[in-house]
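In what follows, a structure is listed as structure tokens, so that the remarks can point back to it.
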Amino acid sequence: MQSRLTLTLAALLMTGAAHAAPDACSIDVEGRPGKQFGPDHIVVPSTCKDFTVRLIHTGKNSKEKAGHNWVLTKTEDIDRVMVDGIKAGAEHEFLAPGDARILAKTPMLGGGETATVTFPVSRLAAGQSYTYYCSFPAHAQHMRGTLVLQP
Ligand SMILES: [Cu+2]
């Protein structure tokens with residue numbers, strides 16, 4: 001009985017490891033009602049060449065009413081990126097065109113839509129704090145998460 005339980009646990013652990021490995025360089029992020037990202041923290045493995053984020057808007061509102069996107073900047077850049085983005089307006093999805101402080105971004109999505117963005121991990125530095133946010137007005141202050149390169 002004891003050994004069978006041990007074997008079952010070992011098998012479960014092995015299955016988990018086998019399933020986790022291919023997904024290590026990508027992650028699903030939900031843009032949820034209530035202006036929340038899930039998860040709100042991402043650790044990018046330093047062994048990845050590229051990293052992919054798939055954003056899923058789990059709400060029902062249109063992108064004009066309550067859109068979500070996923071925008072990555074250094075944490076210290078986010079306030080200015082946000083201010084310049086609001087000035088750029090809806091036609092630019094509230095992001096200043098050509099803003100080099102934007103490290104990665106998805107398009108603005110409406111409810112039920114998904115989009116992916118892939119960026120080179122060489123763009124990230126160890127020890128640097130990054131923040132991702134939704135640039136939709138009134139979301140940008142609250143709808144945030146943090147990202148780091150695995151040390
Ligand atoms: Cu949003």
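Counting convention: from 1, in listed order, for ligands and their atoms alike. Given the structure is predicted, the values throughout are model-derived calculations rather than measurements.
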Handout entry: Inter- and intrachain pairs under salt bridge (Lys or Arg N to Asp or Glu O under 4.0 Å), touching residues 55-75, at least two apart
Key = K63-E93

Practice task
If a pair satisfies salt bridge (Lys or Arg N to Asp or Glu O under 4.0 Å) and one of its residues is in residues 43-54, list it, with sequence neighbours excluded.
Solution key: D28-R54

For residues 35-42, which side-chain donor-acceptor pairs fall under 3.5 Å, sequence neighbours excluded?
residue : atom : partner : partner atom : Å
K35     : NZ   : A138    : O            : 3.3
H41     : ND1  : T146    : O            : 3.2
H41     : ND1  : T146    : OG1          : 2.7

Problem - For the Cu ion (ligand 1): protein N/O/S atoms at distances below 2.8 Å - result: 4

Handout entry: Any donor-acceptor pair under 3.5 Å from T114 side chain to L55 backbone
Key = no

Practice task
Might you confirm whether atom CD of Q141 has over 12 heavy atoms from other residues, nucleotides or ligands at distances under 6.0 Å?
Solution key: no

Exercise for the section: Check for a donor-acceptor pair, side chain of E113 on one end and backbone N or O of G110 on the other, with a separation under 3.5 Å. Expected result: yes

